[in-house]
2 protein chains.
Amino acid sequence: MGYLSCLDTVKPVRDAIDVISGKWKLPIIISVMTGNERFTDIQESIPGITPKVLAKELKDLEQHQLIKRIVIDDYPVKILYKPEPYADTLTPIIDALKGWGLKHRERIFNKE
Amino acid sequence: MGYLSCLDTVKPVRDAIDVISGKWKLPIIISVMTGNERFTDIQESIPGITPKVLAKELKDLEQHQLIKRIVIDDYPVKILYKPEPYADTLTPIIDALKGWGLKHRERIFNKE
DNA sequence: TATAGTACTTCCCTAAAGGAAAGTGATAAA
DNA sequence: TTTATCACTTTCCTTTAGGGAAGTACTATA
């Protein structure tokens, strides 16, 4: 009989996960928020990411209005990626994950 | 030339993502922390989860010492899942995701 | 003219995640 | 004796994520 309803928490958490899930989205947002603007700079700032994955995730993040793709019509054309204001709302999540990740690494080191 | 290093943030965030990634781990932790202890109760508290996925994720979470599997040798045998103290350290992450998810849903409603 | 940089795309492939449905072995209740 | 509950497992299948390597179209520089 009876399970306790945790839907009030589970539902919004899943909404958030749906947007930022995967191995790369948060790292890319962090990189862009740090000030990396060019495709190659972002790529080089995130170890292990391939151009294919980066291109795909950048499109995703643009659709969610977390970053902006800016074309500058010089010769040669420049393309810049900048964070949208909405990206700032992710800061508490990033901070929480960063804090937890740091302590988790400590914990694992101390065990072994 | 020169990209800005964001590794100080990217690395721990990726460590955290590696542990709690996927669609189901956080919902399961939330359910267990809410007080659901039995397999079927947890299953019923999370819409859409199948027993196969739940069984697999519970094993994962046990390995990471986030939950405990307790066998109670009555007749019939009972199995209980309880949160480990380490699960509490995830609360800031869950809260941040919950807060963001709620506002995100609002934002999307107001747009359309 | 050859080489390098920029911002990608294309192809091909594997692994992991995840869904659907049914089954299992134990006990228990009607 | 049939039905139900509990905690799963098994099988099969599809989807998604992601890695590797190469290519491309343009421009710039030596």
Side-chain angles (χ1 to χ4, degrees), chain A residues 1-4 10 13-29 31-32 35-64 67-82, chain B residues 1-4 10 13-29 31-32 35-64 67-82:
Chain A
M1 274 265 89
Y3 64 87
L4 301 171
V10 166
V13 166
R14 288 213 30 194
D15 287 343
I17 289 173
D18 287 345
V19 175
I20 58 166
S21 67
K23 206 172 162 181
W24 301 114
K25 286 194 195 69
L26 284 178
I28 292 167
I29 288 169
S31 176
V32 172
N36 292 303
E37 301 187 319
R38 313 292 302 271
F39 191 91
T40 351
D41 287 343
I42 300 166
Q43 193 187 328
E44 280 167 16
S45 73
I46 301 168
I49 200 167
T50 61
K52 180 189 124 188
V53 169
L54 179 56
K56 189 229 159 204
E57 299 286 35
L58 283 171
K59 278 173 200 156
D60 264 35
L61 295 173
E62 221 195 321
Q63 281 203 331
H64 284 295
I67 60 171
K68 210 184 293 184
R69 186 182 189 267
I70 301 163
V71 182
I72 293 182
D73 253 338
D74 280 353
Y75 299 94
V77 180
K78 254 190 201 179
I79 288 161
L80 300 182
Y81 293 94
K82 299 211 180 196
Chain B
M1 278 261 95
Y3 64 87
L4 302 171
V10 166
V13 166
R14 288 214 29 194
D15 287 344
I17 289 173
D18 287 345
V19 175
I20 59 167
S21 66
K23 206 171 163 181
W24 302 112
K25 287 195 194 69
L26 284 178
I28 292 166
I29 288 169
S31 176
V32 172
N36 292 305
E37 303 187 318
R38 311 294 301 272
F39 191 92
T40 352
D41 287 343
I42 300 166
Q43 193 187 328
E44 280 167 18
S45 74
I46 301 169
I49 200 166
T50 61
K52 181 190 124 187
V53 169
L54 179 55
K56 190 230 158 204
E57 299 288 34
L58 283 171
K59 279 173 199 156
D60 263 35
L61 295 173
E62 222 195 321
Q63 281 203 333
H64 281 110
I67 60 170
K68 210 185 293 184
R69 185 182 191 266
I70 301 162
V71 182
I72 294 181
D73 252 338
D74 279 354
Y75 300 93
V77 180
K78 254 192 201 177
I79 287 162
L80 300 183
Y81 293 94
K82 299 210 179 194

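Bear in mind the structure is a predicted one, so any value in this text is a computation, not a measurement. Because only heavy atoms are used, hydrogens play no part in the values below, and waters and symmetry mates are left out as well, while side chains stay in. Residue numbers start from 1 in every chain, and the chains themselves are labelled A, B, ... in the order their sequence lines are given, proteins ahead of strands.
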**Student:** Between A/Lys25 and A/Ile28, is a side-chain contact (heavy atoms from CB on, under 4.5 Å) present by the stated rule, with each step listed?
**Tutor:** CA-CA 5 Å; A/Lys25 286 194 195 69; A/Ile28 292 167; 5.8 Å; no
**Student:** Would you mind reading off the distance between B/Ile67 atom CD1 and D/dA7 atom P, rounded to a whole angstrom?
**Tutor:** 13 Å
**Student:** Please confirm whether the shortest side-chain N or O distance from B/Lys56 to OP1 or OP2 of D/dA7 is below 4.0 Å.
**Tutor:** no
**Student:** Which residues pass the side-chain contact (heavy atoms from CB on, under 4.5 Å) test with A/Lys23, sequence neighbours left out?
**Tutor:** B/Arg14
**Student:** If I take atom CD1 from residue B/Ile20 and atom CG from residue B/Asp15, how far apart are they, to the nearest 0.5 angstrom?
**Tutor:** 11.5 Å
**Student:** Specify the separation, in whole Å, of atom CD of B/Glu57 and atom P of C/dA16.
**Tutor:** 14 Å
**Student:** Report the distance from atom CD1 of B/Ile28 to atom C1' of D/dC8, rounded to the nearest whole Å.
**Tutor:** 14 Å
**Student:** What's the shortest heavy-atom distance between B/Ile49 and B/Gln43, and which atoms?
**Tutor:** CG2-O, 3.6 Å
**Student:** Restricting to non-hydrogen atoms, name the atom on B/Phe39 and the atom on B/Leu54 that form the minimum distance, rounded to 0.1 Å.
**Tutor:** O-CD2, 3.6 Å
**Student:** When every nucleotide of nucleotides 22-30 of chain C is labelled 5' to 3' by its protein contacts under 4.0 Å (heavy atoms), B for base, S for sugar-phosphate only, - for none, what sequence of letters results?
**Tutor:** -----SS--
**Student:** Kindly compute the distance separating CG (A/Leu4) from CD (B/Glu44), expressed to the nearest 0.5 Å.
**Tutor:** 12.0 Å
**Student:** Which residues in residues 42-50 of chain A have at least one heavy atom lying under 4.0 Å from any atom of DNA chain D?
**Tutor:** none
**Student:** Starting from C1' on D/dG18, measure out to CZ on B/Arg14 and report it in whole angstrom.
**Tutor:** 11 Å
**Student:** Does a side-chain N or O of A/Trp24 approach OP1 or OP2 of D/dT16 to a distance below 4.0 Å, or not?
**Tutor:** no
**Student:** Quick check: on DNA chain C, is the nucleotide nearest A/Tyr81 upstream (toward 5') of the one nearest A/Lys52, or the reverse? Name the residue that is more 5'.
**Tutor:** A/Tyr81
**Student:** Could you tell me how far apart B/Leu54 (CG) and C/dA20 (C1') are, to the nearest whole angstrom?
**Tutor:** 16 Å
**Student:** Could you state the atom-to-atom distance from NZ of A/Lys59 to C1' of D/dT16 in whole Å?
**Tutor:** 17 Å
**Student:** Taking only side-chain nitrogens and oxygens of B/Lys78, does any of them come within less than 4.0 Å of OP1 or OP2 of D/dC6?
**Tutor:** no
**Student:** Which part of the nucleic acid, if any, lies within reach of A/Lys25 when heavy atoms closer than 4.0 Å are counted: base, sugar-phosphate only, or nothing?
**Tutor:** nothing
**Student:** Can you find a side chain N or O atom of B/Lys23 that sits less than 4.0 Å from OP1 or OP2 on C/dG19?
**Tutor:** yes
**Student:** Choose from D/dG18, D/dA7, C/dT9 the nucleotide whose nearest atom is closest to any side-chain atom of B/Arg38.
**Tutor:** D/dA7
**Student:** Side chain of A/Val53 only, heavy atoms from C-beta on: which candidate in D/dG19, C/dT9, D/dC8 is closest?
**Tutor:** D/dG19
**Student:** Measure across B/Asn36 and B/Ser31 and return the closest heavy-atom pair with its distance rounded to 0.1 Å.
**Tutor:** ND2-OG, 3.0 Å
**Student:** Using atom CG of A/Asp74 as one end and atom P of D/dC26 as the other, report the distance to the nearest whole Å.
**Tutor:** 18 Å
**Student:** With a 4.5 Å heavy-atom cut-off, do A/Arg69 and A/Tyr81 have their side chains touching?
**Tutor:** yes
**Student:** Among A/Lys68, A/Lys78, A/Lys82, exactly one meets salt bridge (charged side-chain N to carboxylate O under 4.0 Å, His left out) together with A/Glu37. Which residue is that?
**Tutor:** A/Lys82
**Student:** Please check this pair: side chain of A/Lys56 against backbone of A/Lys52, looking for a donor-acceptor N/O pair closer than 3.5 Å.
**Tutor:** no
**Student:** Tell me which nucleotide among D/dA17, D/dA7, C/dT9 gets nearest to the side chain of B/Ile79.
**Tutor:** D/dA7
**Student:** In whole Å, what is the span from the CZ atom of A/Phe39 to the C1' atom of D/dT27?
**Tutor:** 18 Å
